[in-house]
Protein chains: 2
Amino acid sequence: MAAALAIVEVEGADALSMRRLASDLGVTTTSIYWHVGNREQLVVAVVELHAERQARASVTGRTPRERVHSSAVNIWRSARAHRNVTALASSIGATTLLELPLEVAVLAELEAAGVRGAAARDALQAFLGCIAGFLVTAWRPPGERPDGLRPEQVWGRVSDPRVPRATIRAVARPADLDRLAERTLRAVVDGFVPEAARGGTR
Amino acid sequence: MAAALAIVEVEGADALSMRRLASDLGVTTTSIYWHVGNREQLVVAVVELHAERQARASVTGRTPRERVHSSAVNIWRSARAHRNVTALASSIGATTLLELPLEVAVLAELEAAGVRGAAARDALQAFLGCIAGFLVTAWRPPGERPDGLRPEQVWGRVSDPRVPRATIRAVARPADLDRLAERTLRAVVDGFVPEAARGGTR
DNA sequence: ACCTGAACACCGTTCAAGT
DNA sequence: ACCTGAACACCGTTCAAGT
């Protein structure tokens with residue numbers, strides 16, 4: 001698992017193949033199968049190993065809303081810091097597994113903010129959806145985009161009488177994804193967590 | 001391109017291989033290369049064909065905010081309705097290309113709401129991030145999740161003194177993603193589009 | 001201009017056989 | 001219990017050769 005995780009962290013999720021891992025371990029491909037079953041189970045085990053290794057992040061903020069936001073931003077930062085592992089997890093639909101302790105922390109802050117049950121589930125899913133989305137857009141560094149798909153090329157062909165050219169030009173330039181992700185999470189938190197009744201400190 | 005799009009729509013993004021497409025066309029794999037260059041360029045062309053075929057969706061709502069929300073929901077619904085093509089586009093980072101006309105419609109409504117330039121760019125990116133994220137979670141139907149990754153299994157192992165068990169149980173159950181996506185978009189729109197100064201009708 | 005056949009360097013997976 | 005070798009059925013891509 002450690003060898004597999006190392007491959008992913010250094011060379012990306014696609015670099016993790018059964019043959020590659022076997023050769024790193026000085027062993028035959030078929031030996032891997034005896035130990036882990038198949039590639040999907042290997043990935044699950046790698047993601048679980050990574051989750052164990054993650055330090056718990058601390059939550060800041062005075063109001064319940066601020067603390068919910070802070071705990072959600074922790075997930076974003078952790079996922080972004082280990083984007084290769086996040087990409088691996090998302091390729092088999094295991095993002096939930098990757099950030100489980102941080103997700104529990106969000107649920108704890110939601111509880112403190114008076115959001116529980118299905119409402120807490122919805123809020124958490126909304127946070128996770130936004131985070132996953134920003135990673136999908138942030139994953140692909142500008143340089144490695146395929147030909148003809150760089151934003152300035154795509155948007156350079158667009159013109160619409162309802163949209164000023166200054167806006168089109170702005171869309172073609174890259175946004176500050178970190179700031180934008182945290183601001184978006186702020187908006188979603190505000191939409192799903194009621195304002196503190198008495199602005200209680202904690 | 002039509003043959004390739006048909007494969008994707010019926011059998012999913014992974015089913016589109018150069019060899020499979022060639023055999024569908026009764027031709028050799030290498031012929032494809034003469035026409036499209038490589039797989040990435042093939043995918044770009046397929047996505048562009050799909051975008052051309054999409055009907056323009058209409059925007060509803062009385063206030064500028066409502067119209068922005070409506071135009072963003074159009075993107076969500078279109079992406080979700082053609083999830084196989086969306087998965088294909090996102091696999092090469094071409095989601096922008098897929099929904100370009102609908103994105104321009106969002107920019108037009110943002111302009112009408114007084115949001116332009118970099119602020120419009122940020123708002124559009126926030127919408128697209130949320131939509132992409134919900135698709136990443138919605139793509140994988142419950143049945144095709146790998147063993148040990150079904151929500152009730154993952155969350156069944158979780159227990160935390162700060163989180164009531166009713167909340168854990170709720171998280172293990174699937175959410176109504178359609179409703180949740182539209183509600184999340186509502187929250188993001190509210191965060192990025194100022195309330196109408198005089199509640200003007202349009 | 002358009003298509004083919006053969007080849008290269010990869011994949012995940014299975015299965016009988018070894019120790 | 002653990003590992004190997006050979007094989008099957010796939011990939012994307014290149015390149016010389018055909019018409």
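In what follows, chains are A, B, ... by sequence order, proteins preceding strands, each numbered from 1. Just so it is clear, the values below take in all heavy atoms, side chains as well, and ignore hydrogens, waters and symmetry mates.
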Range on DNA chain C touched by chain B, heavy atoms, distance below 4.0 Å: C/dA1 to C/dA7
Using side-chain contact (heavy atoms from CB on, under 4.5 Å) as the criterion, list what pairs up with A/Ala51, not counting sequence neighbours. none
Quote, to the nearest angstrom, the C1' distance that separates D/dC8 from C/dC10. 15 Å
Can you tell if the side chain of A/His69 reaches within under 4.5 Å of the side chain of A/Asp190, non-hydrogen atoms only? no
Separation of the C1' atoms in D/dC15 and C/dC3, to the nearest angstrom: 13 Å
Both A/Arg19 and A/Ser31 contact DNA chain D. Taking the nearest nucleotide for each, which residue is further toward the 5' end? A/Ser31
Looking at residues 20-30 of chain B, who's got a heavy atom less than 4.0 Å off DNA chain C? B/Val27, B/Thr28, B/Thr30
Residues two or more places apart in sequence or in another chain: which of them pass side-chain contact (heavy atoms from CB on, under 4.5 Å) with A/Asp122? A/Phe192, B/Ala175, B/Leu180, B/Arg183
B/Ala57: side-chain contact (heavy atoms from CB on, under 4.5 Å) partners, not counting sequence neighbours: B/Asn74, B/Leu102
A/Glu182/A/Arg77 salt bridge by N-O under 4.0 Å criterion: yes
Neighbours of DNA chain C within residues 34-46 of chain B, by heavy-atom distance under 4.0 Å: B/Trp34, B/His35
Residue pairs meeting ring-ring contact (aromatic ring centres under 6.0 Å, His included), one or both in residues 16-42 of chain B, sequence neighbours left out, come to none
Go through the steps for B/Leu42 and B/Leu16 under the test side chain to side chain contact (heavy atoms under 4.5 Å, CB included), then give the verdict. CA-CA 10 Å; B/Leu42 170 68; B/Leu16 178 62; 4.2 Å; yes
Scan B/Val43, B/Val85, B/Val47 and name whichever one has a side-chain contact (heavy atoms from CB on, under 4.5 Å) with B/Val8. B/Val85
So does A/Glu48 pair up with B/Arg157, basic N to acidic O under 4.0 Å? yes
Verdict with reasoning, A/Ile75 to A/Leu185, per side chain to side chain contact (heavy atoms under 4.5 Å, CB included): CA-CA 11 Å; A/Ile75 298 184; A/Leu185 280 175; over 6 Å; no
Name the stems that DNA chain D belongs to, where each is three or more consecutive Watson-Crick or G-U pairs with both distances under 3.5 Å? C:4-8 with D:12-16, C:12-16 with D:4-8
Kindly state each residue pair satisfying salt bridge (Lys or Arg N to Asp or Glu O under 4.0 Å) with at least one member in residues 164-177 of chain B, sequence neighbours excluded. none
Of B/Arg65, B/Glu66, B/Arg67, which is the lone residue that meets side-chain contact (heavy atoms from CB on, under 4.5 Å) with B/Glu109? B/Arg67
Would you say the side-chain atoms of B/Glu99 and B/Ser78 include a donor-acceptor pair closer than 3.5 Å? yes
Enumerate the residue pairs fulfilling ring-ring contact (aromatic ring centres under 6.0 Å, His included) with a member in residues 70-99 of chain B, sequence neighbours excluded, ordered by first and then second residue. B/His50-B/His82
Applying side-chain contact (heavy atoms from CB on, under 4.5 Å), name anything that partners A/Ser17, two or more places apart in sequence or on another chain. A/Arg19, A/Arg20
Heavy-atom contacts under 4.0 Å between residues 8-17 of chain A and DNA chain D, which residues? none
